[in-house]
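Report on the structure given below.
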Amino acid sequence: MAPDPTNGAIADALEELGDLYELDGAIVHRVVAYRTGARAVRDAPVSVAELARSGRATELPGIGRTLQEKIVALAQTGSIPAAEKLRTRIPSGLIQLTRLPGLGPKRARLLHSELGVDSLQSLREAAEAHRLRAVKGLGPKFEETVLDALQRPVEEMERAAARTLLPRALELAETLAGALAERVPDAQVIPAGSLRRQADSVKDIDLVAVTDAPEQLAAAFAELPEIEQASGSTAGARGRTHSGIAVDLRIAAPGQLGNLLQHFTGSGAHNAALREAAVRRGLHVSEYGILDDATGETEHLVSEQEVYARLGLAYIEPELRENRGELQAAVLDAKGRSQLPKLIELADIRGDLHSHTTASDGRASIEEMAQAARDRGYEYLAITDHSASHGFGNAVSPEQLRRQIELVRAANEKVEGIEILAGSEVNILPDGSLDYEDELLAELDWVIASVHTAFAMERSDMTERIVKAIEHPLLDAIGHPTGRKIEQRRPYAVDLEAVFAAAARVGTMLEINGNPDRRDLSDVDARAAVQAGVMLVVDSDAHRPATLANVRWGIATARRGWVRAQDVANSRPLDELRALRKQARK
DNA sequence: GCCGTTTTCGGCCCGACTGTTTTCAGTCG
């Protein structure tokens with residue numbers, strides 16, 4: 001039997017089917033239903049193919065009976081009959097057409113029926129022969145836009161599609177906001193959009209500003225040294241940085257910051273769902289205010305708290321605004337309470353359980369790392385250098401680890417105000433064993449294990465490998481459990497449901513690694529892990545004192561995953577953390 | 001195609017911008 005399609009593959013298939021229906025002239029709501037469904041599948045933390053087979057995929061918001069049937073067909077036969085049928089009628093090149101700016105499904109359909117255009121190549125030929133302008137509803141300007149888009153080099157298209165990791169984008173946004181506030185002293189400039197939601201990566205930088213001098217602010221934006229090209233008005237300005245990131249600045253009068261910030265924080269899916277629910281209550285939400293059908297009046301609100309309150313909702317933290325159930329959870333009951341979690345905060349973290357020194361590939365000594373951790377206000381720090389088989393010239397032999405344990409004990413005497421734990425980040429070998437003897441592992445205060453080799457294993461083998469490690473009695477936690485690198489490397493194939501079940505059963509913790517390239521577990525995975533009963537740890541994986549601060553990206557991911565402080569072991573004092581170790585629980 | 005503290009049928013977020021238009025359709029975020 002063929003393996004189940006991944007959630008990603010199912011989502012791709014539903015999106016393609018949506019595109020096909022759209023080009024076939026289906027009503028927009030049907031098309032939107034496919035795209036909403038695709039998103040729900042992509043975000044789902046469990047195997048949707050399995051869910052659909054047991055008739056439970058309809059529990060996902062946006063998946064009904066029809067989509068479930070199509071998912072089952074995809075899992076059983078490898079394709080969806082409706083898509084097969086549509087493909088005979090709609091040339092695949094038409095979908096490519098809709099990716100061009102200013103060219104959507106309606107125009108692609110029009111070009112196909114009027115001119116027989118069915119690919120980027122035939123579109124180019126038609127445009128060059130000036131046949132586009134002859135079509136009713138199109139004109140020379142449109143023809144020019146099309147030729148322009150087709151002539152743009154591939155690299156530029158790719159650059160425009162590229163996403164920037166959160167830390168870099170946030171730093172840039174803060175630089176721009178600071179420079180603007182300096183030039184227009186009364187202006188308040190706030191990063192919004194996916195930046196404010198602390199997403200893994202962002203497509204562009206959204207800034208929201210409040211000022212009484214909008215013209216001055218828009219002009220100042222265009223003058224910024226970081227901005228390469230800009231256009232603007234009193235409502236805002238757009239530009240592009242020299243590094244190629246699009247920047248959007250929106251300017252509001254002080255009285256409506258709440259509405260504007262809520263709108264531009266998004267996500268698009270959150271806002272669409274929020275507004276649909278509001279319409280049922282006779283309220284119409286936009287970036288300018290809330291229009292009440294009953295009075296015909298539009299209210300302008302200064303704060304987001306007021307916006308959510310006006311809609312009968314508890315305040316929703318930006319990290320939760322992805323339309324993953326937060327709107328339902330925010331509904332206030334008769335006593336004014338909601339089902340939203342109290343999210344973990346950076347200040348809840350009492351220690352770091354994953355850090356490196358010069359003993360392996362780190363850049364600082366045990367003492368330097370410990371002092372930096374203490375200066376962050378931590379109660380404890382685990383030194384977890386790589387293990388015997390790590391390779392890259394920085395493996396730690398068993399003898400070296402014994403010596404390292406002594407060095408940690410000695411450093412603990414020297415450095416006041418923090419407890420240093422002797423640990424290791426051991427490799428999970430392809431057969432699921434760890435690469436130190438149990439006798440040595442038993443001497444350590446903290447053992448974290450990670451996959452660093454043989455990423456390309458079969459899903460079932462990788463699952464078996466990691467579950468075996470989880471079941472090791474001396475192991476405390478699994479580091480960066482999926483191996484993903486944001487925008488670079490997909491997670492290795494593994495059955496996370498089985499991993500979570502095993503971890504919950506034996507009491508092995510799972511990490512949210514705070515390295516901004518990793519943030520692994522991801523937000524949706526972390527949420528599913530907690531739901532399965534897993535205890536998490538949030539670590540920096542620091543290789544030098546400064547990168548201890550990377551724990552903030554782990555906290556961002558945890559918050560996006562609905563994680564509370566009580567779900568995270570290193571939010572607890574050291575004695576409580578020790579009591580959570582498997583060894584202590586026996 | 002999905003969904004329901006006004007509905008199992010009849011709705012389905014909101015506004016800006018562009019280019020083509022004599023009042024608006026299509027696209028985008």
Side-chain angles (χ1 to χ4, degrees), chain A residues 14-15 17-18 20-41 57-71 80 82 97-111 132-146 148-149 160 192-194 202-206 231-238 246 248 250 252 259-260 262-291 293-294 298 311-312 323 327-328 331-334:
Chain A
L14 293 181
E15 253 161 34
L17 189 49
L20 288 167
Y21 274 130
E22 187 172 46
L23 287 165
D24 196 42
I27 61 158
V28 62
H29 302 110
R30 191 169 168 206
V31 176
V32 168
Y34 276 92
R35 293 191 179 143
T36 308
R39 225 184 72 89
V41 170
T58 54
E59 289 170 17
L60 296 172
I63 304 288
R65 295 182 63 106
T66 308
L67 260 63
Q68 173 161 276
E69 270 172 36
K70 294 190 152 99
I71 294 166
I80 303 173
L97 253 55
T98 65
R99 306 279 183 260
L100 294 175
L103 220 171
K106 297 273 170 58
R107 284 173 183 161
R109 230 164 100 79
L110 191 65
L111 291 168
L132 303 190
R133 61 181 65 182
V135 178
K136 188 168 168 2
L138 306 179
K141 238 351 193 303
F142 174 76
E143 201 170 79
E144 210 174 291
T145 312
V146 166
D148 203 50
S194 44
V202 308
K203 190 163 63 65
D204 51 23
I205 290 175
D206 287 309
S231 62
S233 67
T234 57
R238 283 164 188 281
D248 201 349
R250 300 295 295 235
N259 300 108
L260 192 73
Q262 196 284 322
H263 174 78
F264 280 100
T265 297
S267 65
H270 172 88
N271 284 348
L274 175 106
R275 290 167 181 193
E276 267 184 49
V279 167
R280 283 184 234 126
R281 307 172 57 130
L283 299 171
H284 302 271
V285 180
S286 79
E287 59 263 55
Y288 302 108
I290 300 179
L291 168 64
D293 282 340
T298 298
L311 301 172
N323 196 28
L327 289 162
Q328 293 78 354
V331 173
L332 295 169
D333 66 16

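Note on naming: letters A, B, ... go to the chains in the order of the sequence lines (proteins, then strands), and numbering restarts at 1 for each one.
- Look at CZ on A:R281: it is 15 Å from C1' on B:dG4, rounded to the nearest Å.
- Considering only side-chain atoms of A:K141, the nucleotide from B:dC2, B:dA16, B:dG19 that sits closest is B:dG19.
- Between the NE2 atom of A:H29 and the C1' atom of B:dC3 there is a distance of 13 Å, given to the nearest Å.
- Residue-level contact check: A:I27 touches the bases, meaning some heavy atom is under 4.0 Å from a base atom.
- Going from atom CZ of A:R30 over to atom C1' of B:dC3 covers 17 Å, rounded to whole Å.
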Checklist entry - Could you go step by step and tell me if A:E143 and A:L138 meet the side-chain contact (heavy atoms from CB on, under 4.5 Å) rule? => result CA-CA 8 Å; A:E143 201 170 79; A:L138 306 179; over 6 Å; no

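- Of the candidate nucleotides B:dT7, B:dC14, B:dC12, B:dT7 has the atom nearest to the side chain of A:R280.
- Distances from the side chain of A:Y34 to the nucleotides B:dC14, B:dG1, B:dT20 place B:dG1 closest.
- The C1' atoms of B:dT6 and B:dG1 are separated by 23 Å, rounded to the nearest whole Å.
- Using a 4.0 Å heavy-atom distance criterion, A:G102 is classed as a sugar-phosphate-only contact.
- Within the 4.0 Å cut-off from OP1 or OP2 of B:dG1, at least one side-chain nitrogen or oxygen of A:K70 is found.
- Across B:dC13, B:dG1, B:dT27, the shortest atom-to-atom separation from the side chain of A:R107 is found for B:dT27.
- With the nearest nucleotide of DNA chain B identified for both A:T66 and A:P140, A:T66 has the one nearer the 5' end.
- For the pair A:D206/A:R250, no side-chain contact is recorded, criterion being any heavy-atom separation below 4.5 Å from C-beta on.
- To the nearest angstrom, C1' of B:dC2 lies 14 Å from CD of A:Q328.
- Dashed line: the shortest gap from a side-chain N or O of A:Y288 to OP1 or OP2 of B:dA16 is under 4.0 Å.
- Once rounded to the nearest 0.5 Å, the distance linking CG of A:L67 with CG of A:L17 reads 8.0 Å.
- The structure places NZ of A:K141 at 11.5 Å from CZ of A:R133, a figure rounded to the nearest 0.5 Å.
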Next on the checklist: Quick one, A:V285 with A:N271, criterion side-chain contact (heavy atoms from CB on, under 4.5 Å). Give me CA distance, side-chain angles, the key distance, then yes/no.
Outcome noted: CA-CA 9 Å; A:V285 180; A:N271 284 348; over 6 Å; no

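- Distance, A:F142 CZ to B:dT27 C1': 11 Å, rounded to whole Å.
- The side chain of A:H263 contributes no N or O atom lying less than 4.0 Å from OP1 or OP2 of B:dG15.
- Remark: P of B:dC3 and CD1 of A:I63 are 8 Å apart, rounded to the nearest angstrom.
- In this structure, B:dT6 shows a glycosidic angle more than 90 degrees from zero, which is the anti conformation.
- Here the separation of B:dG10 from B:dG15, taken at their P atoms, is 27 Å to the nearest Å.
- Regarding A:L283, its CG atom lies at a distance of 17 Å from the C1' atom of B:dC12, rounded to whole Å.
- Checking B:dG1 for Watson-Crick or G-U wobble geometry (two distances, each under 3.5 Å) identifies B:dC12 as its partner.
- Atom name C1', nucleotides B:dC12 and B:dT8: the rounded distance is 16 Å, in whole Å.
- Comparing B:dT21 with B:dA25, their C1' atoms are spaced 10 Å from each other, to the whole Å.
- As rounded to the nearest Å, B:dC9 and B:dC14 have P atoms that lie 26 Å from one another.
- Atom pair A:E276:CD and B:dT5:P shows a separation of 13 Å (rounding to whole Å applied).
- Summarising the geometry, atom OG1 belonging to A:T298 is positioned 9.5 Å from atom CG belonging to A:N259; distances are rounded to the nearest 0.5 Å.
- Residue-level contact check: A:V28 touches neither bases nor backbone, having no heavy atom under 4.0 Å from any strand.
- With distances taken from any side-chain atom of A:K106 to the nucleotides B:dG15, B:dC13, B:dT27, the minimum falls on B:dT27.
- The line from NZ of A:K70 to CD1 of A:I63 is 11.5 Å long, rounded to the nearest 0.5 Å.
- Across all strands shown, A:L100 has heavy atoms under 4.0 Å from sugar-phosphate atoms exclusively, and none from any base.
- For the C1' atoms, the distance linking B:dC13 with B:dC28 amounts to 14 Å, nearest Å.
- For the C1' atoms, the distance from B:dT20 to B:dG26 is 10 Å, rounded to whole Å.
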